[in-house]
Protein chains: 2
Amino acid sequence: MPPIKVKSAEVATTPRRQHKADARAAAGSHGPAKPRAQTRIQREKQDVILEAALEVFSMHGFRGATIDQIAEVAGMSKPNLLYYFPRKEEIHRRLMSALLDTWLAPLREINADGDPFPEIRSYIRRKLEMARDYPRESRLFANEMLQGAPRIIEMIEVDLKNLVDEKAKVLLTWMDQGKLARTDPYHLIFSIWATTQHYADFDVQVRAVLGPARGGEGRFEDAARYLEGLFLHGLTPRSTPKAG
Amino acid sequence: MPPIKVKSAEVATTPRRQHKADARAAAGSHGPAKPRAQTRIQREKQDVILEAALEVFSMHGFRGATIDQIAEVAGMSKPNLLYYFPRKEEIHRRLMSALLDTWLAPLREINADGDPFPEIRSYIRRKLEMARDYPRESRLFANEMLQGAPRIIEMIEVDLKNLVDEKAKVLLTWMDQGKLARTDPYHLIFSIWATTQHYADFDVQVRAVLGPARGGEGRFEDAARYLEGLFLHGLTPRSTPKAG
DNA sequence: CTAACATTTTTCCAACTGGTCAAAATTCTG
DNA sequence: CAGAATTTTGACCAGTTGGAAAAATGTTAG
């Protein structure tokens with residue numbers, strides 16, 4: 001039922017800090033984080049919780065979200081939820097580290113051996129599809145950014161930066177080969193992020209402005225068409241009159 | 001000292017709802033909302049509060065922000081703050097309605113009688129300057145959007161929509177005259193919003209990715225140059241080899 | 001100076017917050 | 001089915017939250 005699957009047995013990329021609760025759970029009398037393998041119920045409930053947490057965190061941010069609220073959306077009691085995730089931060093961390101992977105996948109796919117325009121074009125497509133299909137993930141990310149990314153700044157500075165550096169080099173190579181306008185590859189990537197994620201993060205505004213007629217599902221196709229033209233030719237009118 | 005001036009005697013655009021506290025203040029024994037004209041201290045303190053609230057709301061969103069926190073930033077006690085704004089919502093509302101005006105000013109300035117490229121170019125400049133000079137306002141707005149704009153949806157659906165409709169028509173006229181590539185004027189406006197506001201809303205990410213060398217104040221000039229090229233020609237390489 | 005007003009502080013409150021704990025209920029395993 | 005392990009519940013807690021009330025202090029016009 002939940003449209004987004006969050007990896008449940010995911011291994012944290014950052015070395016798991018020894019919270020008081022973690023310690024208790026690891027050595028202690030109850031709690032699912034024991035050395036023993038996860039049960040079916042554990043996996044299921046954790047998924048339900050993460051799905052509910054995504055819903056709540058993505059709307060209200062970390063501080064604005066409450067455990068009670070998450071528990072209610074998840075359809076369980078607060079202590080029950082806390083049995084699976086001993087602290088609020090833990091839920092958020094799990095959500096974030098699972099997210100960053102998914103989030104950067106489209107960029108990773110850019111192939112240095114491909115041709116620039118098809119590659120960039122399909123990158124935009126993929127990002128736009130993510131904005132359409134995973135808007136909550138986009139908002140979760142945006143929320144974290146607005147707050148100064150306190151809980152993922154390291155990931156941003158290392159993993160994300162490295163990936164962008166790598167892809168910026170690819171773009172530069174294409175520019176050197178004269179296959180792409182010589183411009184700033186970093187700001188190029190930013191502009192793709194911005195224009196595509198806008199449709200998830202500012203969805204309310206987009207819908208309100210487009211109105212009921214054009215604000216339906218078709219808006220993503222319209223956006224794709226527009227962005228394609230923008231990144232290809234900009235706004236300069238071309239004299240190609242009426243060719244399909 | 002505060003870099004942003006929020007209009008202090010601003011008249012609420014939405015009909016002021018009769019909160020319990022409003023009623024009390026209007027008829028009652030104390031509170032600044034009396035019929036009598038505002039004193040100097042009232043104006044000053046309200047500005048200090050709004051400035052502090054901007055700081056806090058823009059980072060944590062409405063629910064994540066606390067009155068205590070705002071009061072601390074404003075350098076006063078919580079009850080003292082509540083003397084000027086009887087409820088948290090009131091502060092936020094004042095902030096938001098002042099914001100929307102400022103926020104849409106650059107779009108308003110687009111002149112139908114001007115030439116499309118200079119007009120669009122300076123619109124992008126203005127928006128980028130706002131992202132640089134008023135990043136907190138941008139984040140406040142973004143935060144509200146992420147939450148589904150519950151407190152300003154009407155303004156979005158009326159004021160903002162009307163303005164965008166009007167300017168979209170201007171763009172369409174330019175397209176009809178062959179001065180601008182025929183494309184979707186709404187998504188065109190969205191893309192300018194997205195690309196410019198990105199530098200305020202995702203500032204942490206932008207800095208982290210650009211690194212200390214390129215993440216300094218120069219990044220806005222770089223962004224301006226890049227965006228100019230993007231909106232003018234897109235990414236298609238032009239054979240103009242090495243001219244200024 | 002003083003009365004009338006404006007402002008600030010102190011004290012307080014009920015609801016909510018993240019989180020604990022032991023006991024009860026359930027599920028799993030031999 | 002019995003016993004062990006897991007899961008769920010209910011009662012509870014200390015700290016924080018938005019806000020109220022009133023007393024105490026400033027300020028200012030006459």
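First the proteins, then the strands, lettered A, B, ... as listed; each starts at 1.
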**Study point:** Residues in side chain to side chain contact (heavy atoms under 4.5 Å, CB included) contact with Ala142(B), at least two apart in sequence or another chain
**Key:** Leu146(A), Phe202(A), Asp201(B)
**Study point:** For Arg108(A), side chain to side chain contact (heavy atoms under 4.5 Å, CB included) partners two or more places apart
**Key:** Asp101(A), Leu104(A), Leu163(A)
Point to revise | Sequence neighbours excluded, every pair satisfying salt bridge (charged side-chain N to carboxylate O under 4.0 Å, His left out) that has a member inside residues 54-77 of chain B | key: Glu55(B)-Arg136(B), Asp68(B)-Lys78(B)
Scan nucleotides 27-30 of chain C against the protein and return all N/O pairs shorter than 3.5 Å with their distances rounded to 0.1 Å.
residue : atom : partner  : partner atom : Å
dC28(C) : OP1  : Arg40(A) : NH2          : 2.7

Study note, to complete from the structure: When rounded to whole Å, the CE to P distance for the pair Met76(B) and dT10(C) reads 15 Å
Review point. Once you round it to whole Å, what is the distance between C1' of dT17(C) and CD of Glu72(A)?
Key: 15 Å
Check your understanding: Does Glu221(B) have any salt bridge (charged side-chain N to carboxylate O under 4.0 Å, His left out) partners at least two apart in sequence or in another chain, and if so, which?
Key -> Arg125(B)
Review point. To the nearest angstrom, how far is Phe85(B) atom CZ from dA20(D) atom P?
Key: 16 Å
Study note, to complete from the structure: Applying side chain to side chain contact (heavy atoms under 4.5 Å, CB included) to Ile153(A) and not counting sequence neighbours gives Glu157(A), Val204(B)
Review point. So does Arg43(B) pair up with Asp47(B), basic N to acidic O under 4.0 Å?
Key: no
Exercise for review: Using atom CG of Asn80(A) as one end and atom C1' of dT20(C) as the other, report the distance to the nearest whole Å.
Suggested key: 15 Å
Atom pairs, N/O to N/O, protein against nucleotides 12-14 of chain D, distance under 3.5 Å?
none

Check your understanding: Which nucleotide in the list dT20(C), dT7(D), dT8(D) gets nearest to the side chain of Gln42(A)?
Key -> dT7(D)
Exercise for review: Please identify each residue that fulfils side-chain hydrogen bond (donor to acceptor under 3.5 Å, both in side chains) with Glu166(A), with sequence neighbours left out.
Suggested key: none
Check your understanding: Of all the choices, dT7(D), dT8(C), dT11(C), which nucleotide is nearest to the side chain of Pro79(B) once you look at every atom?
Key -> dT11(C)
Check your understanding: Starting at CZ of Arg43(A) and ending at C1' of dT7(D), how long is that distance when rounded to a whole Å?
Key -> 15 Å
Check your understanding: Going by an N to O cut-off under 4.0 Å, is there a salt bridge joining Glu90(A) and Arg87(A)?
Key -> no
Study note, to complete from the structure: Residues passing the salt bridge (charged side-chain N to carboxylate O under 4.0 Å, His left out) test with Arg132(A), sequence neighbours excluded, are none
Check your understanding: Do any pairs count as a side-chain hydrogen bond (donor to acceptor under 3.5 Å, both in side chains) and have a residue in residues 203-214 of chain A, sequence neighbours left out, and if so which ones?
Key -> Asp203(A)-Arg207(A), Asp203(A)-Arg219(A), Arg214(A)-Asp222(A), Arg214(A)-Asp184(B)
Review point. Would you say a side-chain N or O of Ser77(A) is under 4.0 Å from OP1 or OP2 of dT8(D)?
Key: no
Study note, to complete from the structure: Pro212(A) meets the side chain to side chain contact (heavy atoms under 4.5 Å, CB included) criterion, sequence neighbours left out, with none
Exercise for review: Using whole Å, report how far OH of Tyr83(B) lies from P of dA23(D).
Suggested key: 17 Å
Review point. For DNA chain C, what residues of residues 61-71 of chain A have any heavy atom nearer than 4.0 Å?
Key: Ala65(A), Thr66(A), Ile67(A), Asp68(A)
Check your understanding: Arg87(B) CZ to dA20(D) C1': how many Å, rounded?
Key -> 10 Å
**Study point:** Length of the CG-C1' vector between Leu81(A) and dG10(D), whole Å
**Key:** 16 Å
